[in-house]
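In this text the structure is predicted, and so the values were computed from the model without any measurement. Chain letters run A, B, ... following the sequence lines, proteins first and then strands; every chain starts at 1.
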Amino acid sequence: MNLTGNDLIAIGFKPGKAIGIALDILAKDYATQESEKQLSLFKPVLENPSAFITHDKLSALAIELLKPLDNTIALADSGKSYEIYGADAIEQGALNQMATAMRLPVTVAGALMPDAHQGYGLPIGGVLATKNAVIPYGVGVDIGCRMCMTIYDIAPATLEAKREELKKMLMQNTMFGTATFKKPKDHPIFERKEFSELNIVRELKDRAWQQIGSSGGGNHFVEFGIVEILNPINEFNLQVGQYVALLSHSGSRGLGANIARHYTDIAMDVCKLPQEAKHLAWLDLDTEAGQEYWMAMNLAGDYASACHHQIHERMAIGLRETPLAMIENHHNFAWKEKDILGNEIIVHRKGATPAGKDVLGIIPGSMATPGFIVRGKGLAASINSASHGAGRQMSRTKAKQTILPGQVNKVLKEAGVELIGSGLDEAPMAYKNIHQVMDSQKDLVEVLGSFMPKIVRMCGDEKFQEVD
DNA sequence: ATGTTC
């Protein structure tokens with residue numbers, strides 16, 4: 001049995017690089033020894049590293065152990081208080097992560113949305129306001145991920161009559177997983193100076209060009225459905241009633257993912273935090289890296305928007321219809337906003353929808369449950385935010401292990417939803433009840449309308465397709 | 001989320 005990092009911590013190793021070095025040495029030179037012997041090998045090195053700096057096998061570990069301890073930035077003993085919406089249905093892991101985020105010295109305020117669940121660093125559904133600092137993992141990996149809806153002057157009956165045609169349109173005009181368009185459409189975004197001025201971004205341009213207009217995987221989708229406008233007073237001058245609409249959810253593809261990775265690495269290098277907070281490493285906005293990240297993040301957000309617009313443009317051409325209204329909002333991003341006193345704060349919304357006063361947004365449910373068009377109420381305690389969906393109830397792993405294709409197909413059939421692609425990890429049962437989630441955020445947003453999916457396309461999964 | 005696991 002090989003030793004693990006935890007075994008080493010048990011004999012006094014501090015979490016960090018030394019553990020990795022020790023495990024490497026074990027694998028390389030002492031793999032055949034019993035674990036007791038392996039442990040007794042390391043104990044003297046830990047006690048007196050100086051005696052081992054010239055050791056033929058253990059010197060690397062000794063040198064690492066002799067390094068002065070990292071200049072770790074201390075967390076506050078107690079965190080600032082923050083509001084939680086829908087606390088009953090939020091897992092402990094997300095609460096713990098939020099509590100840690102509230103102890104950062106740069107944190108000024110926070111809030112947890114009702115769809116919250118555990119993520120990397122800041123929980124998904126976490127909102128964190130900081131002073132002059134941006135946390136790459138507070139934005140998330142899929143920078144600028146967003147919702148976009150186009151409402152058409154088409155009656156629901158037409159959707160039913162033209163189901164096959166609309167399905168074909170989705171198949172031809174959307175790309176999921178690693179698929180991209182053979183002839184990507186050009187877009188003004190490729191003229192942006194960030195593509196030439198930032199080294200990391202320059203390297204990503206070719207792939208961004210290939211991937212524009214594509215949707216990716218995970219919880220991303222493009223779907224036709226029925227919008228029901230419930231409120232006669234709305235920004236779109238739409239009468240109360242039902243309309244066919246197109247809804248898309250996707251982000252900044254490889255561009256954002258690689259920007260996130262690059263600047264997270266830099267942040268974790270320059271901003272050493274205690275183990276439990278290490279993914280919350282920030283970049284000071286006055287530093288070069290901080291300014292670069294801010295520019296790259298904004299580019300990735302605009303790129304995500306461009307992808308949605310191309311999807312909707314292709315579809316509008318197929319439909320030969322002019323949109324009545326378009327609604328768009330992003331949810332993995334950082335914004336410069338003002339607190340109540342007028343001071344600038346950096347608001348990270350990682351899987352949270354901007355919900356400032358009169359700000360419009362879309363909060364999707366699942367593939368077989370409604371989503372909602374909302375108008376923000378601008379509640380200060382929520383830091384002008386709301387949930388970005390129903391939120392996971394079940395991890396992807398658990399969903400794949402426990403949900404059966406037959407169960408999903410039954411739910412889809414009952415809801416009148418046709419599904420192209422997707423895996424069991426995106427099944428409706430893997431998500432919280434959207435109605436309860438909406439109920440938990442009544443003070444945050446006002447519902448203008450609902451959206452019920454009817455023809456849904458997601459990233460394919462062979463196993464699920466086979467049984468289907 | 002991600003040519004998915006530096």
Side-chain angles (χ1 to χ4, degrees), chain A residues 5 16-17 19-21 23-24 27 97 115-126 135-148 174-182 184 200-201 203-222 248-269 278-279 281 293 296-297 299-301 303-308 311 330-334 348-353 364 388-389 391-392 395-397 399-400 421-423 425-426 430-431 458-463:
Chain A
K17 246 183 170 176
I19 291 176
I21 293 171
L23 292 175
D24 283 347
Q97 288 186 317
D115 59 340
H117 51 100
Q118 197 172 333
Y120 248 104
L122 195 66
I124 322 296
I135 303 169
Y137 259 134
V139 168
V141 177
D142 192 4
I143 298 172
C145 184
R146 63 191 60 213
M147 308 301 307
C148 185
T174 67
M175 290 289 170
F176 282 85
T178 53
T180 53
F181 289 99
K182 272 190 189 140
I200 168 76
V201 176
E203 291 167 17
L204 299 168
K205 187 176 181 180
D206 287 347
R207 199 153 106 234
W209 164 262
Q210 276 304 315
Q211 291 184 325
I212 194 162
S214 66
S215 298
N219 57 1
H220 292 173
F221 60 76
V222 182
S248 52
H249 174 210
S250 54
S252 49
R253 311 290 285 108
L255 178 66
N258 284 285
I259 289 169
R261 178 158 48 193
H262 179 77
Y263 288 99
T264 292
D265 286 350
I266 294 177
M268 285 173 60
D269 215 33
K278 68 174 183 183
H279 290 122
Y293 176 76
M297 177 194 76
L299 178 75
Y303 175 81
S305 179
C307 287
H308 280 268
I311 293 166
H330 41 325
H331 51 230
N332 286 1
F333 212 65
H348 304 74
R349 294 189 180 87
K350 186 181 190 180
T353 302
H388 82 314
R392 285 201 158 271
S395 71
R396 291 189 183 277
T397 318
K400 282 189 224 171
S422 181
D425 46 348
E426 286 300 322
Y431 284 88
M458 299 188 81
C459 186
D461 179 271
E462 286 171 37
K463 272 186 191 156

Q. In whole Å, what is the span from the CG atom of A:Asn219 to the P atom of B:dT4?
A. 19 Å

Q) Does a side chain donor of either A:Ser215 or A:His220 reach within less than 3.5 Å of an acceptor in the other side chain? A) no

Q. Just how far, in rounded Å, is P of B:dA1 from NZ of A:Lys350?
A. 12 Å

Q: Please state how far atom CD1 in A:Ile143 lies from atom P in B:dA1, giving the value in whole angstrom units.
A: 14 Å

Q) In whole angstrom, what separates A:Arg146's CZ from B:dA1's C1'? A) 15 Å

Q | Interface with DNA chain B, restricted to residues 249-260 of chain A and to heavy atoms under 4.0 Å | A | A:Arg253, A:Gly254, A:Ala257

Q: List for me each residue that meets salt bridge (charged side-chain N to carboxylate O under 4.0 Å, His left out) alongside A:Arg349, sequence neighbours excluded, and say none if there are none.
A: A:Glu337

Q | For A:Arg396, salt bridge (charged side-chain N to carboxylate O under 4.0 Å, His left out) partners two or more places apart | A | A:Asp425, A:Glu426

(Q) Measure OH/A:Tyr137 against P/B:dA1 and give the value in whole Å, please. (A) 14 Å

(Q) Under 4.0 Å, counting only non-hydrogen atoms across every strand here, what does A:Gly140 touch: a base, just sugar-phosphate, or nothing? (A) nothing

**Q.** Counterpart residues, ring-ring contact (aromatic ring centres under 6.0 Å, His included), relative to A:Phe221 (two or more places apart)
**A.** A:His249

Q.
Applying ring-ring contact (aromatic ring centres under 6.0 Å, His included), can you list everything that pairs with A:His279, at least two apart in sequence or on another chain?
A. A:Tyr120, A:Tyr137

Q. For A:His388, which residues count as a ring-ring contact (aromatic ring centres under 6.0 Å, His included) partner, sequence neighbours excluded?
A. A:His331

Q. Using a cut-off of less than 4.0 Å, is there contact between a side-chain N or O of A:Arg261 and OP1 or OP2 of B:dA1?
A. no

Q) Touch check for A:Gln211, heavy atoms < 4.0 angstrom, all strands: base, sugar-phosphate only, or nothing? A) sugar-phosphate

Q.
Rounded to whole Å, please give me the gap between CG in A:Asp142 and P in B:dT4.
A. 16 Å

